[in-house]
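Throughout, residue positions are numbered sequentially from 1 according to the sequence presented. No experiment lies behind these values; they were computed from the predicted model shown.
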Amino acid sequence: MSFIQIVEVRTKRYDELKALGEEFEASIADKTTVRRTIITRDRNDPERVLIMVFFDSYESAMENSNLPETAAFGEKQMPLLEGPPVFHDLDVVEDQ
């Protein structure tokens, strides 16, 4: 079953967060299990960012989460955020 994780963050430092994300993606390019990523900003609240990450399954998402690079990225991003990220873990039950 496909799996999507939505990560909701608040930041006043979006450009720095974006640069850090690009650095992270380059560091795990040959290891990642991510199939697709969509990054959005709330039109009415530009400090609110939602990142939708698509995986083949929950298990592949956990494999990606367990990479040492993922933990390092999480630590590096915290100073750029207004609070801890909120994770929404979603099993895809229908895709039309």
Are [X] and [Y] in one and the same hydrophobic cluster, where Ile, Leu, Val, Met, Phe, Trp and Tyr link if side-chain heavy atoms are under 4.5 Å apart?
{"X": "V53", "Y": "F24", "answer": "yes"}
{"X": "I4", "Y": "F87", "answer": "no"}
{"X": "F73", "Y": "M78", "answer": "yes"}

Subject >> Minimum heavy-atom distance between Q77 and P85, given as atom pair plus value >> reply: NE2-CG, 4.0 Å
Original post:
Nearest heavy-atom pair of S57 and F3: which atoms, and what distance?
Top reply: C-CB, 3.5 Å
Nearest 0.5 Å, please: how far is [atom2] in [Y] from [atom1] in [X]?
{"X": "E69", "Y": "E25", "atom1": "CD", "atom2": "CD", "answer": "13.0 Å"}
{"X": "N66", "Y": "M62", "atom1": "CG", "atom2": "CE", "answer": "7.5 Å"}
{"X": "K18", "Y": "T11", "atom1": "NZ", "atom2": "OG1", "answer": "13.5 Å"}
{"X": "M1", "Y": "D91", "atom1": "CE", "atom2": "CG", "answer": "5.0 Å"}
{"X": "E47", "Y": "L81", "atom1": "CD", "atom2": "CG", "answer": "11.5 Å"}
{"X": "N64", "Y": "E59", "atom1": "CG", "atom2": "CD", "answer": "13.5 Å"}

Is any side-chain heavy atom of [Y] closer than 4.5 Å to one of [X]?
{"X": "V7", "Y": "L50", "answer": "no"}
{"X": "L20", "Y": "E22", "answer": "no"}
{"X": "R41", "Y": "R48", "answer": "no"}
{"X": "V34", "Y": "F54", "answer": "no"}
{"X": "I6", "Y": "I51", "answer": "no"}
{"X": "K76", "Y": "E23", "answer": "yes"}

**OP:** Please step through side-chain contact (heavy atoms from CB on, under 4.5 Å) for the pair M52 and T40, ending with a clear verdict.
**Re:** CA-CA 8 Å; M52 293 167 259; T40 65; 3.5 Å; yes
Subject >> Polar contact flag, side-chain donor to acceptor under 3.5 angstrom, H88-E8 >> reply: yes
Original post:
Checking R35 against F55: charged group under 6.0 Å from the ring centre and within 45 degrees of the axis?
Top reply: no
**OP:** Let me know which of I39, L80, V9 forms a side-chain contact (heavy atoms from CB on, under 4.5 Å) with Y14.
**Re:** I39
Original post:
Donor-acceptor pair, T32 side chain versus I28 backbone, under 3.5 Å?
Top reply: no
